[in-house]
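As the structure is a prediction and not an experimental result, all values here were calculated from the model. Both counts, for ligands and for their atoms, begin at 1 and track the order of listing.
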Amino acid sequence: MAQRETFGSRAAVIMAMAGSAIGLGNIWRFPYTVGEGGGAAFIIVYLISSLLLAMPIFLAESIIGRTAQAGTFNAMDKLAPGSKWKWLGLLTVISPLIIVSFYSVVGGWSFEYLLKALTLSFGPESTDSIAPMFGNFASSTWGPVLCHTFFITATCLIVLAGVKKGIEKFAKLTMPVLLVLIVVIMIYAVSLPGAGEGVRYLLKPDFSKITGRVIASAMGQSFFSLSLGVGTILIYASYMKKEENLFTSGLGTAAFDLIFAMIAGFAVMPAVFAAGIEPGAGPGLIFETMPYIFAKMGAAAPWLSATIAILFFLTILVAALTSSISMVEAGVAYLTEEKGLTRRKAISILLPSTWALGVLCSLSFGPLSEVHILGCTIFDFCDKLTSNYLMAFGGLLFTFFVGWKMKKETVWNEFTCNGSQKFNCALFSLVYFLIKWVAPIGIVIIFITNLVL
Ligand code: PFF
């Protein structure tokens, strides 16, 4: 059997996992779900969910992936031969493909905004036209569909290039640039007149805002942000060397992811208040506020502002691509490992199907805005279905599998790299308890309350 490729180093593992985790979820989705969820109180629930539910799922997926050294289908088959667990694999193919379809629409918007930045469309004179600019673009027919087409095609072409070369290179290059940019933007944003209100909104919790829906949404966001319950982390972990420390890689990735989201929140929300935009404005939020910041900045330093705008949309485009390639990779892994197709054949099936669903999602901001599924537009339905339900369900099954089906000894061996490294026993017991009890029960309770409410 051919030797499986592995990542070169710990830093490469964290960078590649962070490359998948950090994306539009942090920069686009986090600020607007915070806005819809009422600010600081939402963030507190989000942090609790990240710690008690998301981290255990992250570790559970990593444990399964590295133990089995295979994609979800084969991993389940190896670890629980002949059982129905194999079908969990199906979920990990379907969910990422639904996600990548609507994700690609937002990736397409980022592409359009990069073009706008390149053509200097966010000058100081444009402050009043920036919010309508987004609405007009997103609700039109051809522009967004074309941009989505570009994005999903680029994703699939990169996936064709293979695991190590494509993904590692991309992640390594752009993450630090993006981080520096959003820090700069954040510093500028909080200095805008009226921005203080936005900072207070993020720091002063109003606990009356916490409802069952807000808890479910915070949980969904913490799963979405770390790419959980859909097997992408599992696949990355399967490429990890046996001597790599799972726990610190997981913690490192989660920490990176959280930092990005928080900084993005502190860049966007102050600008939302300074610009007088409604925080619950929904998926268009960053496209309405970021250009506003650039326009304001442009009054004092036009070239600096134009450069930051271009780099910002360029780097989020790349961050979005590194995430979307991990989703398409999930489908490719299934079709090649399970169905014996070549990568090329696999892509030729995945590209048209994700493209078509993406087109429907894109049109749901315009011509199809009246089409509702269970009260949601097509875009919202795909988004909520995956983050609040399918990812949570996947996460539930992964933690249940590790906690109840795998031997505790196997889990210990993964944490200690087969006894070659030390791991604190008390910490292990705590983490194991979270995986076995807290995460599965927590998810079930949130599921049930959400359904009942
Ligand atoms: N975690 C990614 C983000 O924050 O943008 C989104 C994502 C990637 C979700 C990969 C699911 C996935 F499989």
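Rounding to the nearest 0.5 angstrom, the gap separating the CG atom in L234 from the CD1 atom in I57 is 12.5 Å. Separation of atoms CG (L24) and CD1 (I99) is listed at 12.0 Å; rounding is to 0.5 Å. Within the model, atoms CD1 of I22 and CD1 of I316 stand 13.5 Å from one another, a figure rounded to the nearest 0.5 Å.
The shell of residues lying under 4.0 angstrom from ligand 1, judged by heavy atoms, excludes W28. Contact annotation: R29 has no heavy atom less than 4.0 Å from any atom of ligand 1.
Among protein heavy atoms, the minimum distance from atom 4 (O) of ligand 1 is reached at A21 O, 2.7 Å. Annotation: atom 5 (O) of ligand 1 to nearest protein heavy atom, Y103 OH, 2.5 Å. In terms of protein heavy-atom proximity, atom 11 (C) of ligand 1 is closest to M391 CE, 3.6 Å. Regarding atom 8 (C) of ligand 1, its nearest protein heavy-atom neighbour is S227 OG, 3.3 Å.
For W85, the CH2 atom counts as densely surrounded, since its 6.0 Å shell holds more than 12 non-hydrogen atoms of other residues, nucleotides or ligands. The environment of CZ in F73 is crowded: more than 12 heavy-atom neighbours from other residues, nucleotides or ligands sit within 6.0 Å.
Using bins of under 30°, 30° to 60° and over 60° for the plane-to-plane angle, the ring pair Y46/F42 lands in the parallel bin. Aromatic ring pairs are classed by plane angle as parallel below 30°, tilted from 30° to 60° and perpendicular above 60°; the pair F379 and W109 is parallel. Between W28 and Y32, the ring planes are tilted. Angles from 30° to 60° get that label.
Distances below 4.0 Å separate heavy atoms of N26 from the following atoms of ligand 1: 4 (O). If you number the atoms of ligand 1 from 1 as listed, the ones under 4.0 Å from a heavy atom of G25 come out as 3 (C), 4 (O), 5 (O). Those atoms of ligand 1 that come under 4.0 Å of a heavy atom in M327, given as number and element, are 7 (C), 8 (C), 10 (C), 12 (C), 13 (F).
At least one N/O-N/O distance between L24 and ligand 1 falls below 3.5 Å. Taking only nitrogen or oxygen atoms, main chain and side chain alike, S326 does not reach within less than 3.5 Å of ligand 1. Taking any N or O of S225, backbone or side chain, at least one lies under 3.5 Å from an N or O belonging to ligand 1. An N or O contact shorter than 3.5 Å is missing between V230 and ligand 1 by distance.
A salt bridge is absent between E61 and R66: the closest approach of a Lys/Arg side-chain nitrogen to an acidic carboxylate oxygen does not fall below 4.0 angstrom.
Remark: among candidates F223, F224, F30, the nearest residue to atom 9 (C) of ligand 1 is F224, based on non-hydrogen atoms.
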